[in-house]
Amino acid sequence: MVDLVRSHGGNAVAGWWDKVKEHSLGWVGARDGAGVLVGFVNVAWDGGDHAFLIDTKTRGTHQHRGIGTAVVRLAVARARAAGCEWLHVDFEPGLRAFYFDACGFRPTDAGLIHLPSVGVG
């Protein structure tokens with residue numbers, strides 16, 4: 001996973017997996033013929049109706065080949081099969097076409113607070 005994160009300039013954080021896995025409904029990975037991890041998405045959830053896509057990644061050398069779309073589609077199917085009613089995702093503006101056009105998400109109103117930027121109230 002560290003190698004996958006670094007493959008496209010991400011900052012791999014030691015111990016990340018141990019912190020997030022207990023909050024995951026599941027995860028989807030894609031490997032190439034040599035067994036190298038080339039795609040990944042984590043499906044976090046609230047223990048009920050809501051699941052959340054986080055940490056969607058495709059190895060830098062394997063982008064624009066449909067790998068990201070495939071792991072997201074499988075994650076959607078698995079979240080549905082697990083009984084979730086809603087699957088949420090947030091993303092940077094440059095990924096809008098990927099999530100809306102390729103993966104079938106639709107725009108919705110949402111709110112966001114960047115916690116390090118706000119004072120304690």
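These values consider heavy atoms only, across backbone and side chains, with no hydrogens, waters or symmetry-generated copies.
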### Query
D3 versus L37: any side-chain heavy-atom pair under 4.5 Å?
no

### Query
With a 4.5 Å limit on heavy-atom distance, are the side chains of L87 and F105 in contact?
yes

### Query
What salt bridge (Lys or Arg N to Asp or Glu O under 4.0 Å) pairs are there with at least one residue in residues 20-43, not counting sequence neighbours?
D18-K21

### Task
Might you work through the side chain to side chain contact (heavy atoms under 4.5 Å, CB included) test for V72 and F98, ending with a clear yes or no?
CA-CA 10 Å; V72 168; F98 171 71; 4.0 Å; yes

For [X] against [Y], the heavy-atom pair lying closest together:
X: A51; Y: C84; answer: CB-SG, 3.9 Å
X: A79; Y: V43; answer: CB-CG1, 4.5 Å
X: T58; Y: Q63; answer: O-NE2, 3.2 Å

### Task
List in chain and number order the residues that pass side-chain hydrogen bond (donor to acceptor under 3.5 Å, both in side chains) with H64, two or more places apart in sequence or in another chain; answer none if no residue qualifies.
none

### Message
Going by the rule side-chain hydrogen bond (donor to acceptor under 3.5 Å, both in side chains), which residues pair with S117 if we only count those two or more places apart in sequence or in a different chain?
### Response
H114

### Query
Would L95 and V89 show up in the same hydrophobic cluster when neighbours are defined by side-chain heavy atoms closer than 4.5 Å?
yes

### Task
Sequence neighbours left out, what pairs pass side-chain hydrogen bond (donor to acceptor under 3.5 Å, both in side chains) with at least one residue falling in residues 70-84?
none

### Message
Enumerate the side-chain hydrogen bond (donor to acceptor under 3.5 Å, both in side chains) contacts for residues 39-53, please, sequence neighbours excluded, ordered by first and then second residue.
### Response
S24-N42, H50-H88

### Task
Report the C-alpha separation of F40 and V71 in whole Å, then their side-chain angles, then the decisive distance to 0.1 Å, and conclude whether the side chain to side chain contact (heavy atoms under 4.5 Å, CB included) test is met.
CA-CA 7 Å; F40 176 86; V71 297; over 6 Å; no

### Query
Sub-3.5 Å donor-acceptor pair from the side chain of S7 to the main-chain atoms of G60, do we have one?
yes

### For F91, ring pair (Phe, Tyr, Trp, His ring centres under 6.0 Å) partners two or more places apart
Y99, F100

